[in-house]
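Presented below is the structure to which this report refers.
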Amino acid sequence: AQSVTQLDSHVSVSEGTPVLLRCNYSSSYSPSLFWYVQHPNKGLQLLLKYTSAATLVKGINGFEAEFKKSETSFHLTKPSAHMSDAAEYFCVVSGGTSYDKVIFGPGTSLSVIP
Amino acid sequence: DAMVIQNPRYQVTQFGKPVTLSCSQTLNHNVMYWYQQKSSQAPKLLFHYYDKDFNNEADTPDNFQSRRPNTSFCFLDIRSPGLGDAAMYLCATSHLRDEQFFGPGTRLTVL
């Protein structure tokens, strides 16, 4: 079965320090992987995506993620957190066991301390 | 601009009174999705269409139905809303296995 695990339900960092949000997936095939962000009372916005090209993916607002097939991971990082990064982050897997199946992770809430 | 449009943005209904939410897209994507999102939770996939092929999630209640009359439009019908159905309903579209484009959502209140 296909699944997505976000290891931390909540992460708190100080402004200017690095951010690491962890995502692991299980899939029988080579999936596409995405990170979405949702600010309070706002819609979902794509941060970045992996679709079988380069394993290190750069996204918007300084975020990047590395696809590691051997570890079945797709962790999201940012070198320096900004107050505006405080939001909910979702890791999403698409096309794993079924060509059109989409699975959302449970989400990680990121807090940024001034 | 190409986009995903949801109407209405806010819907208030009474317990048991049927309601229909609509979604339209100008992106010409072949996949359309309906999600339910409750406060502080991840979006929960209800069903999706790949072209005209309908795919229902196993745990989607029978109370929820969907129609996709053409590529551009998709509807979510809630036949007898209960208090537990109050939520944000999100429509999304994509090409197969590619990023999803989300609409702004419809906030459903059940009185």
Side-chain angles (χ1 to χ4, degrees), chain A residues 1-6 8-10 21 23 25 27-53 57 59-60 65 74 86-111, chain B residues 1-7 9-10 23 25 27 29-60 66 68 74 87-109:
Chain A
Q2 185 171 307
S3 68
V4 181
T5 303
Q6 291 183 244
D8 305 298
S9 60
H10 184 83
L21 305 182
C23 173
Y25 69 93
S27 174
S28 302
Y29 304 100
S30 296
S32 298
L33 295 159
F34 310 87
W35 276 98
Y36 290 86
V37 62
Q38 189 174 35
H39 288 90
N41 298 313
K42 298 289 186 183
L44 284 148
Q45 181 183 19
L46 179 72
L47 277 177
L48 47 79
K49 65 180 181 181
Y50 167 78
T51 54
S52 75
V57 181
I60 62 171
F74 190 57
E88 191 81 16
Y89 292 79
F90 297 101
C91 181
V92 177
V93 176
S94 175
T97 55
S98 174
Y99 64 91
D100 57 349
K101 186 74 173 178
V102 176
I103 302 289
F104 265 73
T108 297
S109 177
L110 176 66
S111 298
Chain B
D1 288 342
M3 60 179 62
V4 181
I5 301 165
Q6 291 188 244
N7 285 303
R9 295 292 307 277
Y10 300 91
C23 176
Q25 56 141 336
L27 298 161
H29 286 162
N30 49 11
V31 192
M32 293 188 77
Y33 308 82
W34 278 107
Y35 290 90
Q36 179 193 67
Q37 187 176 30
K38 297 187 175 180
S39 182
S40 301
Q41 296 182 19
K44 178 182 181 297
L45 183 63
L46 296 173
F47 22 60
H48 72 279
Y49 280 91
Y50 175 38
D51 290 329
K52 292 188 176 183
D53 292 337
F54 176 71
N55 297 271
N56 196 36
E57 293 301 299
D59 58 353
T60 298
S66 184
R68 189 180 185 185
C74 197
M88 179 72 83
Y89 289 88
L90 299 170
C91 175
T93 72
S94 76
H95 288 303
L96 190 62
R97 292 191 57 175
D98 207 347
E99 68 181 276
Q100 293 178 296
F101 290 78
F102 286 86
T106 295
R107 171 80 63 188
L108 178 67
T109 300

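Residue numbering restarts at 1 for every chain, and letters A, B, ... go by the order of the sequence lines.
Counting heavy atoms of neighbouring residues, nucleotides and ligands inside a 6.0 Å radius, atom CG of A/Asn41 does not exceed 12 of them.
Contact annotation: the side chain of A/Val102 never approaches that of B/His48 to less than 4.5 Å [non-hydrogen atoms, C-beta and beyond]. Inter-residue side-chain proximity for B/Gln100 and A/Tyr36 is flagged as met; some heavy-atom pair is nearer than 4.5 Å.
Among all heavy-atom pairs drawn from A/Phe90 and B/Gln41, the shortest one is CZ-O, 4.1 Å. Contact detail for A/Pro106 and B/Ala42: the closest heavy-atom pair is O-CB, 3.9 Å. For the pair B/Arg97 and A/Ser32, the tightest heavy-atom approach, listed with the atom from each and the gap, is O-OG, 3.1 Å.
With a 4.5 Å cut-off on non-hydrogen atoms, B/Phe101 does not touch chain A at all.
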N/O donor to acceptor pairs below 3.5 angstrom from side-chain atoms of residues 42-50 of chain A, sequence neighbours left out:
residue: A/Lys49; atom: NZ; partner: B/Asp98; partner atom: OD1; Å: 2.8
residue: A/Lys49; atom: NZ; partner: B/Glu99; partner atom: OE2; Å: 3.2

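Options B/Ser39, B/Pro43, B/Gly105 differ in how many heavy-atom pairs under 4.5 Å they form with chain A, and the most are formed by B/Pro43.
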